[in-house]
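First up is the structure itself, then whatever we jot down about it.
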Amino acid sequence: MFVKTPTNNGQETESEPQRDLLLRQPLDQIFSLLLQLFILVQKATDTVRDTFLIDPAVILIVVGVVMFFITFCGCIGALRENIRLLKTFSFTLTFVFLTQLAISIMGFFYSDQTRDALGKFVKKAIVHYRDDLDLQNLMDYIQKEFKCCGWNNYTDWSWNLYFNCTHENPSTERCAVPYSCCTPVPGETVVNTMCGFGVQTQKYLEANKLIFPVGCADKAVLWIESHLLLVGALALGLALPQIAGIVLSQILISQIQDEITSVL
């Protein structure tokens, strides 16, 4: 229950510091959403609309909307001791938690289907690599961090219009791969963005001298298998706050209902 302070007319109101604290999180969420919407509008082109579902800005906006709705219901419901808002908060948070749990279980038992679905996502990101700067930065980050190239292997970059390795392709980047696929050169201060040119025409062993030829799918699986403790800790770190929010909201609802019953 929240601390209440008496006003001049004898009524009780929530203390101002608590009011500010509870309202700060929804306001922060609104600011974040407005910022993401501004970024999305600035980059709204016909090409970017084709990548709408995989655009990092769109994903952040969707997550932000869900988080804002949940935190708004929880904060205002607790601040005003509104049972309807608290029940909405509890139900929505429970739904999100169960959805995450179901996706995790399905991803574990249907690993092949999950891999195919992720493969379609990555293929679309590769196809639009040069069209969307956010996707380009995301792919470069993934490939540099996991030391991989493409989804299955480095030849996947032929899916891209610029890197396509057919003879009809007039691009200067024909048969190339992004610089993020290249193995780092010790002591190099300036990144050679042309290090992957012509790599797709080389055999695996030859390409291995210049780039990371292994696909990101295999590298991701190896990373998860070698970091099971970290993955488990992250999953637990996501689950515990949600469970705590559900339990505490139900306790608060029960306390409010008991107070209403005692008054009546």
Side-chain angles (χ1 to χ4, degrees), residues 36 39-40 43 45-63 99-100 102-166 169 171 173-184 191 193 195-202 204 207-208 210-228 230-231 234-235:
Q36 290 297 330
I39 294 173
L40 190 63
K43 54 182 281 189
T45 62
D46 292 336
T47 304
V48 172
R49 291 189 192 99
D50 294 336
T51 63
F52 185 80
L53 294 179
I54 60 173
D55 194 313
V58 175
I59 295 173
L60 287 174
I61 289 173
V62 173
V63 173
T99 301
Q100 293 173 345
I103 292 174
S104 301
I105 294 173
M106 291 178 64
F108 179 79
F109 286 103
Y110 299 96
S111 57
D112 293 337
Q113 290 85 342
T114 302
R115 178 168 177 155
D116 292 340
L118 289 175
K120 292 178 181 178
F121 176 90
V122 175
K123 181 178 180 178
K124 199 166 187 179
I126 290 175
V127 169
H128 296 283
Y129 176 79
R130 289 297 191 204
D131 304 328
D132 190 332
L133 185 59
D134 288 338
L135 281 178
Q136 181 174 323
N137 292 333
L138 178 62
M139 286 299 301
D140 286 338
Y141 176 80
I142 292 173
Q143 292 188 146
K144 285 189 288 188
E145 287 296 317
F146 285 97
K147 297 181 178 180
C148 57
C149 191
W151 178 244
N152 299 304
N153 55 58
Y154 63 100
T155 60
D156 289 345
W157 281 100
S158 274
W159 294 335
N160 185 274
L161 178 66
Y162 299 93
F163 299 130
N164 186 273
C165 209
T166 56
N169 184 12
S171 173
E173 295 181 306
R174 186 177 74 86
C175 296
V177 295
Y179 77 95
S180 54
C181 290
C182 298
T183 54
V191 177
T193 57
C195 58
F197 276 44
V199 168
Q200 291 188 54
T201 60
Q202 300 179 6
Y204 186 90
N208 191 42
L210 301 173
I211 65 169
F212 301 110
V214 181
C216 294
D218 295 332
K219 278 298 185 76
V221 172
L222 291 174
W223 187 89
I224 292 173
E225 290 177 350
S226 60
H227 295 82
L228 288 176
L230 177 61
V231 173
L234 289 174

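All residue numbers in this chain count up from 1 along the given sequence. Predicted, not measured: the structure shown is a model, and the values here were computed from it.
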Pair N164, T166 - check side chain to side chain donor-acceptor pair (under 3.5 Å), show working. CA-CA 6 Å; N164 186 273; T166 56; 2.5 Å; yes
Checking side-chain contact (heavy atoms from CB on, under 4.5 Å) for the pair Y179/D140: CA distance, chi angles, key distance, verdict? CA-CA 8 Å; Y179 77 95; D140 286 338; 3.8 Å; yes
Between T114 and M106, is a side-chain contact (heavy atoms from CB on, under 4.5 Å) present by the stated rule, with each step listed? CA-CA 8 Å; T114 302; M106 291 178 64; over 6 Å; no
Working for side-chain contact (heavy atoms from CB on, under 4.5 Å), residues K120 and W151: CA-CA 9 Å; K120 292 178 181 178; W151 178 244; over 6 Å; no
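Sparse packing is recorded around NZ of K147, with 12 or fewer heavy atoms of other residues, nucleotides or ligands lying under 6.0 Å away. For OH of Y162, the number of neighbouring non-hydrogen atoms (other residues, nucleotides, ligands) closer than 6.0 Å is 12 at most.
Looking at W223 and L230, their side chains come closer than 4.5 Å, going by heavy atoms from C-beta outward. Side-chain contact between L222 and F146 is absent, with no heavy-atom pair separated by less than 4.5 Å.
Residues M139 and A125 approach most closely at SD-CB, 3.9 Å, considering heavy atoms. Contact record, C216 with C149: SG-N, 4.0 Å, taken as the closest heavy-atom pair. For R174 against C165, the heavy-atom pair with the smallest separation is NH1-O, 3.5 Å. Across all non-hydrogen atoms, the minimal contact from G150 to D156 is C-OD2, 4.0 Å. Closest heavy-atom contact between A217 and R115: CB-NH2, 3.5 Å. Between V214 and K219, the shortest heavy-atom contact is CG1-CG, 4.1 Å.
No donor-acceptor pair under 3.5 Å is formed between the side chain of N153 and the backbone N or O of G215. Under the 3.5 Å distance criterion, the side-chain polar atoms of Q143 are left unmatched by any main-chain donor or acceptor of F212.
A salt bridge does not link K123 to D116: none of the charged nitrogens lies less than 4.0 Å from a carboxylate oxygen.
With values rounded to the nearest 0.5 angstrom, Y129 atom OH is found 8.0 Å from N137 atom CG. Atoms CG and CG, from L138 and L133 in turn, are 11.0 Å apart once rounded to the nearest 0.5 Å. With rounding to the nearest 0.5 angstrom, the SG atom of C181 is 11.5 Å from the CG atom of L210. Note that CD1 of I211 is 9.0 Å distant from OH of Y204, once rounded to the nearest 0.5 Å. The CD atom of E173 sits 10.0 Å away from atom CH2 of W157, with the distance rounded to the nearest 0.5 Å. Residue Q136 holds its CD atom at 13.0 Å from CD1 of I126, rounded to the nearest 0.5 Å.
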